[in-house]
Amino acid sequence: EEITWTYTGLVGQTEWSEYFPDCAGNAQSPVEVVTTQTKYDPSLLPLTPLGYSQHGNKPFAMYNNGHTAVIELPEWMGLGGLPWLYTAVQMHLHWGSGGPSHGGGEHTVNGMSADAELHVVHYNSELYPNMSKAMTQSDGLAVLGILIVTGEETNLAFNNILNYLGRIRHADQKVFIPAFDVQTLLPEDLGRYFRYNGSLTTPPCHQSVTWTLFNERIQISPAQLLKLETILYSSKAEDPDRMLLQDNYRTTQPLNHRVVFASFS
Ligand code: 1SD
Ligand code: ZN
């Protein structure tokens, strides 16, 4: 049986490394991006989501793993524009508890926190047979990070997820949701992004992730943020002292020797 880690409390983020040694590594995620300290790399071409819009008619499985809501993605979805082909595995979210402008995103830019953050996780399917083999290799994973902020308008693409969270309120619950065009969740500008080498932001914190953080943020409405922040529980239904699943973001980690590259100047 695995150690049950949390964001705060007994096995909170400052204790993760006692049980998951990689969490004390020197190339951890998330990081703060200081734009004046990024290095322009003209070889960073626009990312190409492959098959993101071809969802077919097969529903997506979505489940509450006690840490976030995970949406499994079909294996024909992938990522081009990197040295290898990466196959999509799942996407999930990180969020806060205080409403707009109170944090919830993982990566920060010039000291500013987003309200939430979407991660689309892919593994290097040219070199490794599956996600679990890839996640321990330095070139194993590619994760897209999309910062989410609050704006006036309702984000209709986001409702493809939000509308079904009520069916997985408790840990281990699972629901099938209608397939949808995942590209509609991404920002329009896929050409401007930050790139660095980092880690999973959750235990076991393996340093296996080529991170892409888009410069453009996506927007959701205050009502959508409120729903995201107050609908899921980190515990099972039968748990007498159920805890809302909130503030499931890791604080930024030291950059140490690393450079954050920018695809734009
Ligand atoms: O938090 C996720 C975790 O749920 C899992 O999906 C892992 C990949 O196996 O990735 C991390 S994260 O770094 O994408 N936040
Ligand atoms: Zn994540």
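Remember, it's 1-based here, ligands and their atoms both numbered in the order they're listed.
More than 12 heavy atoms of other residues, nucleotides or ligands lie within 6.0 Å of CZ in Arg258, so this atom counts as buried by the packing criterion.
Using a 4.0 Å cut-off between charged nitrogen and carboxylate oxygen, Asp189 and Arg192 count as a salt-bridge pair.
Annotation for ligand 1: atoms under 4.0 Å from non-hydrogen atoms of Met131 are 8 (C), 9 (O). Remark: ligand 1 atoms within the under-4.0 Å shell around heavy atoms of His119 are 14 (O), 15 (N).
Between the side chains of Asp22 and His206, a donor-acceptor pair is found at a separation under 3.5 Å.
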Inset, instruction - Give the intermediate values and the outcome of ring pair (Phe, Tyr, Trp, His ring centres under 6.0 Å) for residues Tyr7 and Trp16. - result: CA-CA 9 Å; Tyr7 283 90; Trp16 289 354; 5.6 Å; yes

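Listed by chain and number, His92 NE2, His94 NE2, His119 ND1 are the protein N/O/S atoms closer than 2.8 Å to the Zn ion (ligand 2), with waters left out.
The distance from atom CG of Leu147 to atom CD of Gln219, rounded to the nearest 0.5 Å, is 12.0 Å.
In terms of polar-atom proximity, defined here as any N/O pair under 3.5 Å, Gln90 does make such a contact with ligand 1. At under 3.5 Å, a nitrogen or oxygen of Thr201, whether backbone or side chain, sits near a nitrogen or oxygen of ligand 1.
Not close to ligand 1: Arg250, with no non-hydrogen atom less than 4.0 angstrom away.
The side-chain tip of Arg169 does not point at the ring of Tyr233 from less than 6.0 angstrom away and within 45° of straight on.
Protein heavy atom at the shortest distance from atom 10 (O) of ligand 1 is Leu200 CD2, 3.5 Å. Atom 11 (C) of ligand 1 has its closest protein heavy atom at Thr202 OG1, 3.5 Å.
The aromatic ring centroids of His119 and Trp211 lie less than 6.0 Å from each other. Ring centers of Phe194 and Phe264: under 6.0 Å apart, within the cut-off. Note: Tyr249 and His107 fail the aromatic proximity criterion, with ring centroids not under 6.0 Å apart.
Contact annotation: for His92 versus ligand 1, heavy atoms closer than 4.0 Å belong to the side chain alone.
Pairs of residues two or more places apart, or lying in two chains, that qualify as side-chain hydrogen bond (donor to acceptor under 3.5 Å, both in side chains) and include a residue from residues 34-51 are Thr35-Asn110, Asp41-Ser43.
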